[in-house]
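For reference, the structure discussed in these notes is given below.
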There are 2 protein chains.
Amino acid sequence: MKRLDVKSHCPINYALECFGDPWSLLIVRDIVYFGKKTYGEFLASEERIATNVLANRLADLEKKGIIKKCPCDTDKRKDIYMLTERGLDLIPLLSEMALWGAKHDVDTDAPKEWVETLSRDKEHILPLVRTTVEKGGAVFMGPNSVVSKL
Amino acid sequence: MKRLDVKSHCPINYALECFGDPWSLLIVRDIVYFGKKTYGEFLASEERIATNVLANRLADLEKKGIIKKCPCDTDKRKDIYMLTERGLDLIPLLSEMALWGAKHDVDTDAPKEWVETLSRDKEHILPLVRTTVEKGGAVFMGPNSVVSKL
DNA sequence: AAATTTACTTTTATGATGCAAGTATATTAT
DNA sequence: ATAATATACTTGCATCATAAAAGTAAATTT
C-alpha cells in the first residue's frame, strides 16, 4: 500500500503506478461495463475481491483522482462511486485490454457482437461509451446501456 | 508466482492475469520502445527491477506466450527475447496506456511530438510500429526506429 | 590461465493479499 | 420503540510476492 516513491516518469510506468495492480482496473471495468456504483456491488463481482483489498483500492483510486465518492441520497449508509475525468480517460485503454483478452482467450466470456462492433468502429463507439458512463450509465447494464443504443 | 487458478473469463480479467502485475508491461515497453532484447538490458532499465523478479517475469511471459527466447548467434552466453504474435498485439494497449500517462502526469518524460503524432494518427502509426518491432526494430532506438521514419 | 560478462538462483526481510471475523451506522420490520 | 438486517468498512493472521544482497555456472575476453 506504500507507493509514494515514483520509479520513473515514463508514461507507461506512471500509468502502471496509478492502476497497475491486479484489482484497480476490475473496479473501473465494473463501473464502465456493468454500472456498479457501491461497495457492496464491487464486493459481489465475479473475481471475489477481499473486502480489505477493496477498501484499499477504492481509497487509492480516489487519492489518485480516478474515482470520486459521493454520499447516496436515498440510502445514507451507501456511498456512490463514479469515475472522474481521469477515470473516464481510461475507457480507450480498457477497450484495448478487452479486445486483447477477447482475442486471445479461447474461453472468453466477451460477447462476440460487442467485440466486433467495438473493433470495427472505435471512433464512434468510444465517445458513446464515455458520455453514457458520464451520465451514470454503463455498456451492458441499465435502461440507457450502450448496447441498447446500437 | 502461482497464478494457475483463473478467476474469470472476463476478457479484461484474462488480460490482467496475463500481464497485470507491476513489471510485465515494462518489459514489453522496453522491447517495443527501446529495442531491448537481453536479460542485462532489461535489468538496466530505469525502474530497477530486481534480478530475481526479472527472471520470474521473463519465464512467466514466455509461458503465457507473450515473448519467446532464442539463443544469441554472436554471443552464446546471451539469449534474445522477442515478442510473439500475442505480444505484438499488445502494442495498441501499450499506446493507450502511454497516452493516458502522458496526458495525466504533469512531469511526464514522454516526447510531446511523439504523443501528438500517435494520438493524431493511430491508424497509420500502430501498423508501422508493429512491422518495425516484428523485424527487431523499436519506436525510439536503432537505425530503423519508427521516429526516424516520420 | 585469470578476469569479466551474462544469465541466472538462493536467501532473508519486508510488504501486499486472502480469508475469517468483528464493528459502527443506517434502514426496515414488528 | 425495539429487534433484525444491510452496508461499509476495520482488524488479525497466514500466505504469497517482491526487494535487496549475495552467490553460481557457463561463455567470452584479455
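Naming convention: chains lettered A, B, ... in sequence-line order (proteins, then strands); numbering from 1 in each chain. The shown structure was predicted, so the numbers you read here are calculated from the model rather than taken from an experiment. Below, each value reflects all heavy atoms present in this structure, side chains not excepted, and no hydrogens, waters or symmetry copies.
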Handout entry: Nearest-nucleotide 5' precedence on DNA chain C, Ile49(A) against Thr51(B)
Key = Thr51(B)

Practice task
Anything under 30° is parallel, anything over 60° is perpendicular, the rest tilted; go ahead and classify Phe140(B) against Trp114(B).
Solution key: perpendicular

Exercise for the section: For dC19(C), take OP1 and OP2 only and decide whether either is under 4.0 Å from a side-chain N or O of Arg48(A). Expected result: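 No, because none of the side-chain N or O atoms of Arg48(A) sits under 4.0 Å from OP1 or OP2 of dC19(C).
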
Problem - Under 4.0 angstrom between Lys7(A) side-chain N/O and dT18(D) OP1 or OP2 - result: no

For atom [atom1] of [X] and atom [atom2] of [N], their distance in whole Å:
{"X": "Asp21(B)", "N": "dA17(D)", "atom1": "CG", "atom2": "C1'", "answer": "10 Å"}
{"X": "Lys69(A)", "N": "dT7(D)", "atom1": "NZ", "atom2": "P", "answer": "16 Å"}
{"X": "Leu54(A)", "N": "dA20(C)", "atom1": "CG", "atom2": "C1'", "answer": "16 Å"}
{"X": "Asp73(B)", "N": "dA27(D)", "atom1": "CG", "atom2": "C1'", "answer": "15 Å"}
{"X": "Leu58(B)", "N": "dT6(C)", "atom1": "CG", "atom2": "P", "answer": "16 Å"}
{"X": "Leu43(B)", "N": "dC8(C)", "atom1": "CG", "atom2": "P", "answer": "11 Å"}
{"X": "Tyr39(B)", "N": "dA25(D)", "atom1": "OH", "atom2": "P", "answer": "16 Å"}
{"X": "Lys37(B)", "N": "dT6(C)", "atom1": "NZ", "atom2": "P", "answer": "16 Å"}

Looking only at side-chain atoms of [X], point me to the closest of [options].
{"X": "Asn52(B)", "options": "dA20(D), dT17(C), dC19(C)", "result": "dA20(D)"}
{"X": "Ala50(A)", "options": "dT28(D), dG18(C), dC8(C)", "result": "dG18(C)"}
{"X": "Trp23(B)", "options": "dT28(D), dA20(D), dT18(D)", "result": "dT18(D)"}

Problem - Electrostatic pair Glu85(A)-Lys68(A), nearest N-O below 4.0 angstrom - result: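 No, no charged N to carboxylate O under 4.0 Å.
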
Handout entry: Note: Glu96(A)-Lys122(A) ion pair, threshold 4.0 Å (strictly below)
Key =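 The answer is yes: the pair qualifies as a salt bridge.
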
Practice task
Test the Lys64(B)-Trp100(A) pair against the cation-pi criterion, namely NZ or CZ under 6.0 angstrom from the six-membered ring centroid and within 45° of the ring axis.
Solution key: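 Because its charged atom misses either the 6.0 Å distance or the 45° angle limit, Lys64(B) does not stack over Trp100(A).
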
Problem - Interatomic distance, Ile80(A) atom CD1 to Lys37(A) atom NZ [nearest 0.5 angstrom] - result: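 Separation between the atoms: 7.5 Å.
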
Handout entry: Donor on one side chain, acceptor on other, Ser8(B) and Tyr14(B), under 3.5 Å
Key =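 No, Tyr14(B) and Ser8(B) have no side-chain donor paired with an acceptor closer than 3.5 Å.
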
Problem - Donor-acceptor pair between Lys103(B) and Ser119(B) side chains, under 3.5 angstrom - result: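 Per modelled atom types, Lys103(B) and Ser119(B) side chains form no pair under 3.5 Å.
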
Exercise for the section: Kindly state which residues belonging to residues 77-84 of chain A come within less than 4.0 angstrom of DNA chain C, counting heavy atoms of the residue only, listed by number. Expected result: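 Per residue number, the list reads Arg77(A).
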
